[in-house]
Asks: 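Take this structure first; my questions come after.
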Amino acid sequence: MKRADRGFRKPTMPLALRRRNVLIGGALISALLLISALAPLLAPVDPLEQNLRHAFQSPSRDYPFGTDQYGRCILSRVIHGARISLVEVSVAVGMAMGIGVPLGLTAGYFGGRTDQLIMWTLDIIFAFPGMLLAILIVSVLGPSLFNMLIAIAIFSIPVYGRLCRNLTLNIKQMEYVEAALAIGAKSYYIIFRHILRNAVAPLLVQATLTAGGVILTAASLSFLGLGVRPPTPEWGAMISTGRSYITIAPHLSLFPGLAILFTVLGFNLLGDGLRDLLDPRLRGS
Amino acid sequence: MGRYIARKLVVLPIVMIGVSFIIFFVVRAIPGDPARLMAGTEATQEQVMAMRRQLGLDRSILFQYGVFLQGAVRGDLGNSINSGMPVVGEISRRIPYTLQLTFAALLVASVLGISAGVLAAVYKHSWVDQGVMLFAIIGASAANFWVALMAMSVFSVQLGWLPLFGADTWRHMVLPTFSLCVYPLALIARMSRSSMLEVVKQDYVRTAQAKGVSKFVVYTKHALRNALIPVITLVGLHFGVLLGGAVVTETVFSWPGVGRLLVDAVRYRDYPIIQGTVLFTVLSVVLVNFLVDIVLAAMNPRMRFD
């Protein structure tokens with residue numbers, strides 16, 4: 001089978017290079033990965049090390065991002081915070097895809113009552129504003145990093161479920177699926193070998209687009225005290241701490257907020273660019 | 001149109017019952033004994049049992065759900081564990097503040113977002129277009145509570161133009177509205193631009209241009225009406241996102257709305273308030289989505305037959 005016959009074209013390198021969004025987004029996310037991997041080497045000091053004599057220092061040569069109320073180096077905390085953001089994205093998106101994709105595949109492939117039941121359930125979850133559902137779930141499970149990620153994953157499930165169902169319905173009509181059915185291929189073989197394989201690209205684009213939202217929601221929940229607890233250097237929790245000192249030391253909130261901004265920007269640009277590259281039909285939407 | 005509304009009206013109560021069902025059972029899963037919480041830490045076992053009977057917690061869970069639903073229809077959602085006041089009264093006092101903030105943010109985001117998006121489409125590839133798109137992509141990436149804090153730092157602390165906290169005058173509304181509207185404004189501007197660019201390619205727009213109609217009339221009278229359909233859908237969907245975002249914004253600015261009531265209730269495990277605020281918010285979102293569907297059907301008759 002020719003590559004062009006598949007649902008999505010594989011981009012060529014020159015085309016990819018022309019896409020500014022992919023380049024800038026890719027650079028920002030690569031930087032995030034690099035900073036996370038080398039955090040202990042890049043951070044000037046231990047992010048939890050307190051030095052009360054140096055509390056509330058403005059940005060300087062010794063402390064490029066300044067210090068917080070306990071004299072902790074904000075640059076070191078922002079650098080280590082990158083690791084937590086990566087964990088948040090990987091776990092929340094992984095869980096949401098792990099549940100949403102099989103549900104979407106099942107609904108789209110088998111149709112009928114199975115489809116109705118799954119979509120009905122997903123629609124009810126979708127009726128809740130994401131943030132509110134997350135608060136409700138965290139209030140049941142208790143505030144912690146993992147519980148917060150479960151909450152974010154639950155409200156993200158319908159996004160993957162719906163997308164995967166639509167993709168399955170489209171791919172199911174392709175001639176190669178009909179051919180596989182004609183030679184007596186089993187359902188699970190068709191689902192995994194043909195449908196899932198061809199749905200991977202748009203699902204990964206969706207995952208990149210959702211990643212930014214995951215970071216913003218996780219930061220919001222930590223800001224409200226419903227996610228990561230101090231003294232863990234999570235960006236949302238750091239901004240929350242800075243709120244109490246906004247009149248005397250705005251730098252406490254400024255730098256973690258910029259870290260969130262650049263990370264989410266990276267995921268959004270990369271997601272947009274990849275979508276344009278992989279699926280020309282969605283351009284500009 | 002009447003049949004379309006009737007069809008939608010049939011689905012509305014089903015969704016509302018589904019939502020109330022989920023909220024009721026999730027809130028029941030919150031750890032801790034509500035009867036013990038309401039009776040107080042020093043209450044005897046007998047007093048706790050009496051409270052349990054009074055709250056109906058000794059009956060089956062489905063019976064409890066039936067009582068809850070009946071009460072909700074009558075406007076009785078129980079009493080707050082903290083204040084002892086009726087939940088409906090507590091929420092009613094806060095609703096005007098949240099709606100004021102949410103609608104102000106939605107209005108500003110819609111007016112500025114649509115204008116910016118249309119301008120970007122009209123002057124495609126110009127500096128106006130690039131500026132709007134740059135704002136759109138940055139605005140959609142910033143955390144709204146961070147925007148709020150930075151705005152507070154500049155406009156309240158350093159310049160002293162606007163108050164830091166409170167909800168007494170219109171000046172108190174400026175910063176919360178600004179920080180809440182940045183995200184939807186960015187998305188609406190982007191959607192308006194792409195929708196407008198799509199519509200101006202249509203034959204009827206080209207026909208109008210060929211007839212010699214001025215560019216201004218072509219864009220405002222012919223193109224905008226159709227370009228607005230996906231934008232209105234987005235605005236409607238964002239009402240829910242804004243209510244969720246308002247929870248954080250209200251906390252930052254100590255704005256006495258429903259969102260802050262919810263955050264405080266979660267901290268003190270005041271489950272009747274959690275249940276009531278979430279129910280109120282989700283039902284508002286469902287209702288607004290219903291109204292958006294009606295407006296869209298009125299604008300685009302084809303949608304009534306989908």
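Letters A, B, ... mirror the listed sequences (proteins, then strands); counts begin at 1. These figures come from a predicted structure and were not determined experimentally.
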Asks: Tell me whether B:Tyr65 at atom OH has more than 12 heavy atoms from other residues, nucleotides or ligands lying less than 6.0 Å away.
Replies: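 For B:Tyr65, atom OH is crowded (more than 12 foreign heavy atoms under 6.0 Å).
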Asks: For the side-chain contact (heavy atoms from CB on, under 4.5 Å) test, which of B:Leu262, B:Ile274, B:Val266 pairs with A:Leu136?
Replies: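 Of the listed residues B:Leu262, B:Ile274, B:Val266, the side-chain contact (heavy atoms from CB on, under 4.5 Å) partner of A:Leu136 is B:Ile274.
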Asks: Under a 4.5 Å cutoff for heavy-atom pairs, which residue among A:Gly266, A:Ser240, A:Ala219, A:Gly130 has the most contacts with chain B?
Replies: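 Counting heavy-atom pairs under 4.5 Å, the top option is A:Ala219.
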Asks: Determine the option with the most heavy-atom pairs under 4.5 angstrom with chain B, choosing from A:Leu224, A:Ile124, A:Asn268.
Replies: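 The option with the most such pairs is A:Leu224.
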Asks: Please classify the contact between B:Leu197 and chain A as side chain, backbone, both or neither, with a heavy-atom cut-off of under 4.5 Å.
Replies: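 For B:Leu197, neither part sits under 4.5 Å from chain A.
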Asks: What is the minimum heavy-atom distance between B:Ala29 and A:Val140, and which atoms define it?
Replies: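 Heavy-atom minimum between the residues: O-CG1, 3.5 Å.
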Asks: Looking only at heavy atoms and a cut-off of under 4.5 Å, which of B:Val27, B:Val147, B:Val247 has the most pairs with chain A?
Replies: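 Sorted descending by pairs with chain A, the first entry is B:Val247.
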Asks: Any side-chain heavy atom of A:Leu132 within less than 4.5 Å of one from B:Leu243?
Replies: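 A side-chain contact under 4.5 Å is absent here.
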Asks: Would you say B:Tyr123 has more than 12 foreign heavy atoms packed within less than 6.0 Å of its OH?
Replies: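 Incorrect, the count does not exceed 12.
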Asks: Which pair of heavy atoms, one from A:Pro129 and one from B:Val285, lies closest together, and at what distance?
Replies: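 For A:Pro129 versus B:Val285, the nearest heavy atoms are CG-CG2, 3.8 Å.
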Asks: Highest number of heavy-atom pairs under 4.5 Å with chain B: which of A:Val138, A:Leu258, A:Ile260, A:Asp123?
Replies: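 Most heavy-atom pairs under 4.5 Å with chain B: A:Leu258.
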Asks: At a 4.5 Å cut-off on heavy atoms, which part of B:Val263 comes close to chain A: side chain, backbone, both, or neither?
Replies: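 For B:Val263, side-chain heavy atoms alone lie under 4.5 Å from chain A.
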Asks: Heavy-atom count around A:Tyr70 OH within 6.0 Å, excluding the residue itself: above 12?
Replies: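 No, OH of A:Tyr70 has 12 or fewer neighbouring heavy atoms, counting only those of other groups under 6.0 Å.
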Asks: Is it the backbone or the side chain of B:Arg193 that comes under 4.5 Å from a heavy atom of chain A, or both, or neither?
Replies: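 For B:Arg193, neither part sits under 4.5 Å from chain A.
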Asks: Please name the pair of heavy atoms, one in B:Ile137 and one in A:Leu265, separated by the smallest distance, quoted to 0.1 Å.
Replies: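 Nearest pair, atom of B:Ile137 first, then A:Leu265: O-CD1, 3.6 Å.
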Asks: Which pair of non-hydrogen atoms, one from B:Met150 and one from A:Ile246, has the smallest distance, and what is that distance?
Replies: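 Residues B:Met150 and A:Ile246, closest heavy atoms: CE-CD1, 4.4 Å.
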Asks: side-chain contact (heavy atoms from CB on, under 4.5 Å) between A:Asp272 and B:Arg190: does it pass, once the steps are laid out?
Replies: CA-CA 12 Å; A:Asp272 274 356; B:Arg190 208 175 152 178; 2.6 Å; yes
Asks: Does CZ in A:Phe146 sit with more than 12 non-hydrogen atoms of other residues, nucleotides or ligands closer than 6.0 Å?
Replies: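 Not more than 12 within 6.0 Å, no.
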Asks: Hey, which of A:Leu226, A:Ile215, A:Leu254 has the most heavy atom pairs under 4.5 Å with chain B?
Replies: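 So the answer, after comparing A:Leu226, A:Ile215, A:Leu254, is A:Leu254.
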Asks: Give me the atom names and distance for the closest heavy-atom approach of A:Ser220 to B:Val248.
Replies: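 Taking A:Ser220 first and B:Val248 second, the nearest heavy atoms are CB-CG2, 4.0 Å.
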Asks: Is B:Val252 close to A:Phe223 at the side-chain level, that is, under 4.5 Å between some pair of heavy atoms?
Replies: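 A:Phe223 reaches B:Val252 side chain to side chain.
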